[in-house]
Engineer: 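Can you keep this structure in mind? I'll have questions shortly.
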Amino acid sequence: MTGEKFYITTAIDYANGEPHFGHALEKIGADVIARAHRQMGRNVHFLIGMDEHGQKVAQTAAALGIEPQTFVDEIAVKFRTMWDLLGISYDQFIRTTDAPHKSGVRAFIKRIAEASPEDFYEKEYEGWYCVGCELFKRADEIVDKKCVLHPTRDLEWTKEKNWFFRLSKYQGFLSRLVEERPNFIQPESRRNEIRALLASGLEDLSITRARLAWAIPFPIPSPATQGPSPEVQGTWVWFDALPNYLTATGYPAKGFKDRWPASLHIVGKDITRLHAVVWPAMLQAAELPLPERVWGHGFLSFGGERFSKSAGVKISLTDEIARFGPDAFRYFLLREIPFDGDGSYSVERFEAVYTSELANGLGNLASRVTAMIEKYRAGVVPPAAAASLDAEDGADLAAAQSALDGSRGYLLHEALDAIARTTTRANLFIQTSQPWALAKDPAKSAELDVVLAALVRSLARQAVALAAYMPNKAEALWTQLGGPGTAGAMPYAQLAALQATGWQVKKGDGLFPRPAEPASI
RNA sequence: GGCAGGGUAGCUCAGGUGGUUAGAGCACGGCACUCAUAAUGCCGGGGUCGUGGGUUCGAGUCCCACCCCUGCUACCA
């Protein structure tokens with residue numbers, strides 16, 4: 001690969017539980033973008049990983065009676081197993097307990113201390129602490145002496161000495177960033193929220209915690225506690241987790257700039273502000289290049305409840321993947337949930353979409369085309385001129401590509417909608433041209449060639465276009481068609497001119513078997 | 001409480017700057033066809049466009065009020 005570099009990341013997942021639907025949606029979406037960019041000829045590096053420090057991890061491990069490292073090791077295995085099952089094509093898996101990450105974080109903090117010495121300072125912090133939020137609250141978040149989000153609880157006045165990062169200093173810088181680079185934070189709804197946040201003013205961030213043992217020790221000694229046993233604070237999540245995108249490149253080792261800056265951070269909409277405000281300020285303080293773009297995707301709900309919340313949702317990720325397999329699951333999530341907004345998951349919808357679009361639509365189309373090539377042309381695709389189908393597919397495939405090349409953001413649901421139209425068009429094309437009738441008239445043999453070859457080309461294009469979404473099924477289809485190499489390795493640039501003459505078609509098992517009929521009375 | 005977005009067929013949603021009978025997909029009903037995973041194609045039924053006012057020759061599309069939903073409201077992704 002020699003193309004333009006494309007460094008894509010997802011949020012690192014907090015190692016305090018099992019992978020759930022929300023994690024899966026993000027990884028699948030990022031994986032599709034990564035795979036698609038490979039087919040666009042980019043030099044892709046796809047990073048995912050785990051956030052493994054913090055109080056909750058330490059507490060959970062303690063409750064289980066095991067060391068935190070042992071605990072996160074087990075969690076990391078569970079996540080990687082899930083990503084392998086779902087076919088996530090990541091190039092690198094970073095963990096914040098990796099030694100290179102920990103040393104990279106220290107180097108990054110020291111770099112800021114050198115480049116922007118006034119940006120770190122110690123302060124005795126005190127304020128109203130909401131036990132519900134587990135946060136200090138600002139005055140404008142307090143109404144009637146109660147937290148607006150937890151009005152039934154009393155606030156507690158709490159004190160702690162911490163290191164702070166002078167985020168307020170970067171307010172002007174960040175405002176210009178968001179105004180001058182409208183693509184920096186997308187989609188538009190997220191950008192509006194960030195603009196509102198910037199307009200309301202920024203406060204400095206506390207970036208360490210006392211008595212936090214399961215963390216990277218903050219590398220700057222406290223001037224106030226010099227002596228035989230200086231107090232060492234634990235580095236709080238901001239400076240531990242966010243720099244993973246940077247330390248993954250090998251920072252501070254020479255050569256990290258071969259990969260940095262990141263092209264695209266895919267994150268949940270709940271943490272877009274961290275990536276669009278805090279992270280750029282940190283990088284600017286270190287005088288390092290900023291990422292090109294942050295994309296805040298939406299959330300998945302189930303019967304009105306968040307998947308990410310621990311309570312109530314009684315639906316298993318592994319069960320849903322097993323229902324029709326990983327590829328169909330990937331397809332459904334991205335088809336059903338707009339990648340720039342929220343959506344809800346329902347088993348009924350999954351079954352409906354699978355049956356109508358994958359089994360009856362694409363699967364049956366492949367079945368009827370391969371059957372006709374075998375029956376009428378002994379399995380060999382005949383040479384033939386282009387048909388109306390080829391030209392008409394072009395617009396949809398272009399739309400599918402433009403929906404995820406970044407020019408309009410990353411609208412994966414729109415891309416799948418466009419590809420689905422090519423499936424519908426091919427089924428209609430068969431009905432209109434009636435190849436079975438052409439086959440009965442020897443004088444119409446050339447006409448039949450045109451129809452059959454066009455259908456194989458259409459399916460081949462669909463296999464290539466769908467390879468990012470359903471990698472296994474796309475290859476299964478490609479193999480049945482007798483295409484060269486793999487569908488996933490076929491560049492989008494070659495789609496329009498794709499030929500299939502001479503391919504050896506071999507009808508195989510149904511791509512998407514219809515679900516078993518429910519037992520009726 | 002503040003800010004932002006939204007409420008259109010059973011379900012998911014389209015509907016630039018107001019203009020003939022409000023559209024698509026799915027689901028449902030009928031017909032056609034047979035290459036195919038009883039799949040496909042065609043036709044059809046189905047909507048007081050959140051509520052109430054207003055502007056206009058004319059409003060889903062503009063204005064006002066109200067109701068409801070969602071998101072954001074920065075320190076544990």
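A, B, ... follow the sequence lines: proteins, then strands. Residue 1 opens every chain.
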Engineer: Taking CD from A/Glu188 and C1' from B/C3, how many angstroms apart are they, rounded to a whole number?
Structural biologist: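 Whole-Å distance recorded here is 15 Å.
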Engineer: Taking the same atom, C1', in B/G18 and in B/C57, what whole-Å distance lies between them?
Structural biologist: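 Approximately 12 Å lies between the C1' atom of B/G18 and that of B/C57.
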Engineer: Pull out every residue in residues 356-375 of chain A that has a heavy atom closer than 4.0 Å to any atom of RNA chain B, ordered by number, or say none.
Structural biologist: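 Listed by number, they are A/Ser356, A/Ala359, A/Asn360, A/Gly363, A/Asn364, A/Ser367, A/Arg368, A/Ala371, A/Met372, A/Lys375.
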Engineer: Closer to the 5' end of RNA chain B via nearest nucleotide, is it A/Arg335 or A/Leu202?
Structural biologist: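 Whichever sits nearer the 5' end wins; that is A/Arg335.
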Engineer: Check this for me, if you would: do A/Asp393 and A/Arg421 make a salt bridge, where the nitrogen-to-carboxylate-oxygen distance has to be below 4.0 angstrom?
Structural biologist: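 A salt bridge is absent here (no side-chain N lies under 4.0 Å from a carboxylate O).
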Engineer: What is the distance from CG of A/Leu198 to P of B/U73, rounded to the nearest Å?
Structural biologist: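 One finds 13 Å between P of B/U73 and CG of A/Leu198, rounded.
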Engineer: Is it possible for you to check whether A/Lys56 lies under 6.0 Å from the centre of the six-membered ring of A/Tyr14, through NZ or CZ, and within 45° of that ring's axis?
Structural biologist: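 Because its charged atom misses either the 6.0 Å distance or the 45° angle limit, A/Lys56 does not stack over A/Tyr14.
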Engineer: Pick the P atom in B/U48 and in B/C33, then give their distance to the nearest Å.
Structural biologist: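 Result for the P pair: 37 Å, nearest Å.
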Engineer: Rounded to the nearest angstrom, tell me the gap between atom NE2 in A/His413 and atom C1' in B/A24.
Structural biologist: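 Those two atoms, NE2 and C1', are 15 Å apart.
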Engineer: Using the C1' atoms only, state how far B/A4 lies from B/A14, rounded to an integer number of Å.
Structural biologist: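 Nearest-Å result for B/A14 against B/A4 at atom C1': 22 Å.
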Engineer: From C-beta outward on A/Gln431, which listed nucleotide comes closest to its side chain: B/U40, B/U34, B/G71?
Structural biologist: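 Selected nucleotide: B/U40.
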Engineer: So, OP1 or OP2 of B/A39: does either fall under 4.0 Å of a side-chain N or O from A/Arg514?
Structural biologist: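 The answer is yes; a side-chain N or O of A/Arg514 sits under 4.0 Å from OP1 or OP2.
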Engineer: With rounding to the nearest 0.5 Å, note down the distance linking CD1 in A/Ile48 to CG in A/Asn244.
Structural biologist: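 Spacing of CD1 (A/Ile48) from CG (A/Asn244) equals 11.0 Å.
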Engineer: For B/G71, take OP1 and OP2 only and decide whether either is under 4.0 Å from a side-chain N or O of A/Arg190.
Structural biologist: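 No, because none of the side-chain N or O atoms of A/Arg190 sits under 4.0 Å from OP1 or OP2 of B/G71.
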Engineer: Identify which nucleotide among B/C35, B/G41, B/C75 has an atom closest to any side-chain atom of A/Asn427, counting heavy atoms from C-beta outward.
Structural biologist: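 For A/Asn427, the side-chain atoms sit closest to B/G41.
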Engineer: Kindly assign one of parallel, tilted or perpendicular to the pair A/Phe218 and A/Phe120, based on the angle between their ring planes and the thresholds 30° and 60°.
Structural biologist: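 Because their plane-to-plane angle is over 60°, the rings of A/Phe218 and A/Phe120 count as perpendicular.
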Engineer: When rounded to the nearest Å, what value does the distance between C1' atoms of B/G46 and B/C26 take?
Structural biologist: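 After rounding to an integer number of Å, I get 14 Å for this pair.
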Engineer: Heavy atoms only, 4.0 Å cut-off, all strands: where does A/Phe512 land among base, sugar-phosphate and nothing?
Structural biologist: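 It contacts base atoms.
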Engineer: Mind checking who B/A27 pairs with, Watson-Crick or G-U wobble, both distances under 3.5 Å?
Structural biologist: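 Its partner: none found.
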Engineer: What's the CD-P distance between A/Glu336 and B/A27, to the nearest Å?
Structural biologist: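 After rounding, the gap between these two atoms is 13 Å.
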Engineer: Watson-Crick or G-U wobble partner for B/G1, using a 3.5 Å limit on both distances?
Structural biologist: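 B/G1 is paired, partner B/U73.
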Engineer: Identify which nucleotide among B/G41, B/C11, B/C35 has an atom closest to any side-chain atom of A/Arg349, counting heavy atoms from C-beta outward.
Structural biologist: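 Of all the options, the side chain of A/Arg349 is nearest to B/C11.
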Engineer: Using a heavy-atom cut-off of under 4.0 Å over every strand shown, decide if A/His275 touches base, sugar-phosphate, or nothing.
Structural biologist: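 Here A/His275 touches the bases of the nucleic acid.
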Engineer: Taking the C1' atom of each, how far is B/C66 from B/G10, in whole Å?
Structural biologist: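 One C1' to the other, the span is 28 Å.
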Engineer: Between A/Glu348 (CD) and B/G10 (P), how many Å, whole number?
Structural biologist: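 Going from CD in A/Glu348 over to P in B/G10 covers 19 Å.
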Engineer: When you compare B/C64 with B/C43, how far apart are their C1' atoms, in angstrom units rounded to a whole number?
Structural biologist: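 Pairwise C1' distance, B/C64 against B/C43, rounds to 45 Å.
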Engineer: So which nucleotide from B/C75, B/G41, B/U70 ends up closest to the side chain of A/Leu428?
Structural biologist: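 From the listed options, B/G41 comes nearest.
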Engineer: Can you tell which of B/U34, B/C75, B/G71 lies closest to the side chain of A/Glu193?
Structural biologist: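 Of the candidates, B/G71 comes closest.
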Engineer: Over how many whole Å does the gap from A/Arg195 atom CZ to B/U73 atom C1' extend?
Structural biologist: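 Interatomic distance, CZ of A/Arg195 to C1' of B/U73: 17 Å.
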Engineer: Using both distances under 3.5 Å as the test, list the Watson-Crick or G-U wobble partner of B/G16, or none.
Structural biologist: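 Its partner is none (no Watson-Crick or G-U wobble pair with both distances under 3.5 Å).
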Engineer: Thinking salt bridges, do A/Arg425 and A/Asp396 make one under a 4.0 Å N-O criterion?
Structural biologist: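 Judged by the 4.0 Å cut-off on N to carboxylate O distance, A/Arg425 and A/Asp396 do form a salt bridge.
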Engineer: Is A/Arg335 salt-bridged to A/Asp417, going by a charged N under 4.0 Å from an acidic O?
Structural biologist: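 So A/Arg335 pairs with A/Asp417 through a salt bridge.
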Engineer: Taking atom P in both B/A22 and B/G50, what distance in whole Å separates the two?
Structural biologist: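 Pairwise P distance, B/A22 against B/G50, rounds to 15 Å.
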Engineer: Nearest of B/U73, B/C35, B/U70 to any side-chain atom of A/Trp436?
Structural biologist: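 The nucleotide sitting nearest to the side chain is B/C35.
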Engineer: Does B/U40 have a Watson-Crick or wobble mate here (both distances under 3.5 Å), and if so which one?
Structural biologist: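 For B/U40, the partner nucleotide comes out as B/A32, under the 3.5 Å rule.
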Engineer: Quick check: on RNA chain B, is the nucleotide nearest A/Ser189 upstream (toward 5') of the one nearest A/Tyr245, or the reverse? Name the residue that is more 5'.
Structural biologist: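 Result: A/Ser189.
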Engineer: If you check every side-chain atom of A/Lys507, which of B/C35, B/U73, B/A36 has the closest atom?
Structural biologist: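 Of B/C35, B/U73, B/A36, B/A36 is nearest to the side chain of A/Lys507.
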Engineer: Using both distances under 3.5 Å as the test, list the Watson-Crick or G-U wobble partner of B/G47, or none.
Structural biologist: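 Across all strands, not a single nucleotide pairs with B/G47.
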Engineer: Any ion pair linking A/Glu374 and A/Lys506 (charged N to carboxylate O, less than 4.0 Å)?
Structural biologist: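 No, no charged N to carboxylate O under 4.0 Å.
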Engineer: Any chance the rings of A/Phe339 and A/His413 have centres within less than 6.0 Å?
Structural biologist: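 That pair fails the under 6.0 Å test.
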Engineer: Could you walk me through whether A/Val456 and A/Val369 pass the side-chain contact (heavy atoms from CB on, under 4.5 Å) check?
Structural biologist: CA-CA 7 Å; A/Val456 174; A/Val369 170; 4.1 Å; yes
Engineer: Looking at the side chain of A/Leu511, which of B/C35, B/C72, B/U37 is the nearest nucleotide?
Structural biologist: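 When the side chain of A/Leu511 is considered, B/U37 is the closest of B/C35, B/C72, B/U37.
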Engineer: Would you kindly give the CG-to-P distance between A/Leu459 and B/C35, to the nearest whole Å?
Structural biologist: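 In whole Å, B/C35 P and A/Leu459 CG are 18 Å from each other.
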Engineer: Take atom P in B/A39 and the same atom in B/G44, then report the distance between them in whole Å.
Structural biologist: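 Pairwise P distance, B/A39 against B/G44, rounds to 23 Å.
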Engineer: Atom CG of A/Asn162 to atom C1' of B/C75: distance rounded to whole Å?
Structural biologist: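 That distance rounds to 10 Å.
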Engineer: Less than 4.0 Å between a side-chain N and a carboxylate O, is that true for A/Lys161 and A/Glu124?
Structural biologist: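 Answer for the salt bridge query: no.
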